Number of protein chains: 2
Amino acid sequence: MASSTRPRAAAKAPPPEGVLVLEEFLPYRLNVLATIVSQGFARLYSERFGISIPEWRVIAMLGQHRTLTSKAIGERTHMHKTMVSRAVTDLERHGLLSRLANRADKREAFLSLTDAGRRIYAEIVPLAHDYAARLTAELSDADRAAFDRIVSLLRERSDIVFMSERNDGVTG
Amino acid sequence: MASSTRPRAAAKAPPPEGVLVLEEFLPYRLNVLATIVSQGFARLYSERFGISIPEWRVIAMLGQHRTLTSKAIGERTHMHKTMVSRAVTDLERHGLLSRLANRADKREAFLSLTDAGRRIYAEIVPLAHDYAARLTAELSDADRAAFDRIVSLLRERSDIVFMSERNDGVTG
DNA sequence: TATTGTTATACTCTATAACTATA
DNA sequence: TATAGTTATAGAGTATAACAATA
């Protein structure tokens, strides 16, 4: 088929067989980018408001939805229930969150932000929008839309790939 | 310019002022995606070969470049020197890596994979290529190229945004 | 029996600080 | 004085298991 001298777009040469160029490997690239981006954002609120990433996620959920149970927060944020429990305890201790026992099912409680919690939320939200805007300032509208779409696709796809691995040993 | 009734692509309504939709927030989305993707890949090699993510990164670097110092590995992989040191020690203990002292500067050593290390590398590389291929199987070539380009852009941009924060308190 | 949530515990990755041995 | 690398230690974030209270 292709001769060994077929023209290439003068770009980079393909790596030799059996070699992986780590800097081009998707999981690695995503990991580095996500770490820098999310640590950069965490720095904006962690020192100023004394809250951790899990606490921020709980605040963000309750700012967005007003009232949720711990279980619902865990499901929506991919946080383990132990992390949610600890974050909720800490936020309550600092007066940013209040619990209201569900009288219809006393195992769970409805969580919501206190006034103090809402004030912090109201301060962080513009920081968040501004941070995302600065990060994507050099992207065209088309690029931004494409990136959102592709991240969503990869996110769905990663679940499928993840689960197909899980079943590798089971289907035999 | 635009009237308040300009047509919208029947997509989602914009969120109310002062609210952040966490599921649409870039740092959060990147974090969730990267965690799932890189854990999914780690699962492919960690149990089978008994190596951690930092160890894999060292192996990947030495598979790609044959010989590097610990410092060079740290710079290329964004790993802290303490992590590199520990990963190198473990890999050496398991016979996957060897050190050759630099006689011109005895503080450092040239690291390279042993035959056993190269065998593991040679087994993981196809797993890596296959994993990335499965993950991006549903993307068009154009999407794949766009995603690579945008990730690179965001990566550069994140350094700039990160550093501009660093200087916030200094320029006053 | 199953589910919500808590606590104890441990593991991974990361980071700081103090150190050594070189340069 | 500065640099390459090691070790001790601590801090996030995550996960497992055992448990209490409730359904």
Side-chain angles (χ1 to χ4, degrees), chain A residues 27-28 30-32 34-43 45-47 50-58 67-93 97 99-111 162 166, chain B residues 27-28 30-32 34-43 45-47 50-58 67-93 97-111 162:
Chain A
Y28 173 77
L30 276 177
N31 214 16
V32 171
T35 299
I36 292 174
V37 164
S38 96
Q39 281 181 356
F41 178 58
R43 209 171 51 186
Y45 61 75
S46 62
E47 287 178 22
I51 59 177
S52 65
I53 291 177
E55 286 169 298
W56 153 245
R57 286 183 179 174
V58 171
T67 292
L68 292 170
T69 63
S70 285
K71 180 184 162 82
I73 291 175
E75 283 166 354
R76 288 164 187 268
T77 58
H78 308 94
M79 287 167 70
H80 197 269
K81 64 178 182 174
T82 55
M83 283 310 306
V84 177
S85 172
R86 258 173 272 254
V88 165
T89 300
D90 289 345
L91 288 171
E92 189 184 30
R93 185 162 51 224
L97 175 152
R99 310 186 202 224
L100 179 65
N102 178 6
R103 288 202 293 175
D105 183 344
K106 289 193 200 158
R107 291 174 303 181
E108 65 185 14
F110 298 123
L111 310 173
F162 203 76
R166 265 243 180 285
Chain B
Y28 173 77
L30 277 177
N31 215 14
V32 171
T35 299
I36 292 172
V37 165
S38 94
Q39 281 180 357
F41 177 57
R43 210 172 47 184
Y45 61 75
S46 62
E47 286 177 25
I51 59 177
S52 65
I53 291 178
E55 286 169 300
W56 153 245
R57 287 183 178 174
V58 170
T67 292
L68 292 169
T69 64
S70 286
K71 180 184 162 84
I73 292 175
E75 284 165 353
R76 288 163 186 268
T77 58
H78 308 94
M79 288 167 69
H80 196 269
K81 64 177 182 174
T82 56
M83 282 309 305
V84 177
S85 173
R86 258 172 272 255
V88 165
T89 299
D90 289 345
L91 289 172
E92 188 184 31
R93 185 161 50 223
L97 173 152
S98 64
R99 309 187 202 222
L100 179 65
N102 177 7
R103 288 205 291 173
D105 183 346
K106 290 195 200 154
R107 291 174 304 184
E108 65 184 16
F110 297 123
L111 310 173
F162 202 77

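First the proteins, then the strands, lettered A, B, ... as listed; each starts at 1. Since the structure is predicted, the reported quantities are computational estimates derived from the model, not experimental observations.
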Pairs: protein N or O with nucleotides 20-23 of chain D N or O, under 3.5 Å:
| from | atom 1 | to | atom 2 | distance (Å) |
| --- | --- | --- | --- | --- |
| dT22(D) | O3' | Lys106(A) | N | 3.4 |
| dA23(D) | OP1 | Lys106(A) | N | 2.7 |

Cut-off 3.5 Å, no hydrogens considered: what does the side-chain donor-acceptor table look like for residues 84-91 of chain A, sequence neighbours left out?
| from | atom 1 | to | atom 2 | distance (Å) |
| --- | --- | --- | --- | --- |
| Thr89(A) | OG1 | Ser85(A) | O | 2.9 |
| Asp90(A) | OD1 | Arg93(A) | NH2 | 2.5 |

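In this structure, CZ of Arg43(A) is placed 12 Å from P of dA15(C), rounded to the nearest angstrom. If you measure from atom CG of Leu97(A) to atom P of dG5(C), you get 12 Å, rounded to the nearest angstrom. Rounded to whole Å, the distance from CD on Glu92(A) to C1' on dT6(C) is 13 Å. Between the P atom of dA4(D) and the CD1 atom of Ile73(B) lies a distance of 14 Å, rounded to the nearest Å. One can place NZ of Lys71(B) at 16 Å from P of dA23(C), the figure rounded to the nearest angstrom.
Applying the salt bridge (Lys or Arg N to Asp or Glu O under 4.0 Å) test to Lys71(A) and every residue at least two apart in sequence or in another chain returns Glu75(A). Not a single salt bridge (Lys or Arg N to Asp or Glu O under 4.0 Å) links Arg76(B) to another residue, sequence neighbours left out. Scanning for side-chain contact (heavy atoms from CB on, under 4.5 Å) contacts around Ala42(A) gives Tyr45(A), Ile53(A), with sequence neighbours left out. For His78(B), the side-chain hydrogen bond (donor to acceptor under 3.5 Å, both in side chains) criterion is met by Tyr28(A), Arg155(B), not counting sequence neighbours. Residues meeting the side-chain contact (heavy atoms from CB on, under 4.5 Å) test with Ser46(A), sequence neighbours left out: none. By the side-chain contact (heavy atoms from CB on, under 4.5 Å) test, Thr35(A) is found to be paired with Asn31(A), Gln39(A), residues two or more places apart in sequence or in another chain being considered.
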Query - Footprint string (nucleotides 8-17 of chain D, 5' to 3'): B base within contact, S backbone only, - free, heavy atoms under 4.0 Å - result: BB---SBBBB

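Contact check for Thr69(B) versus Phe110(B): side-chain heavy atoms found under the 4.5 Å cut-off.
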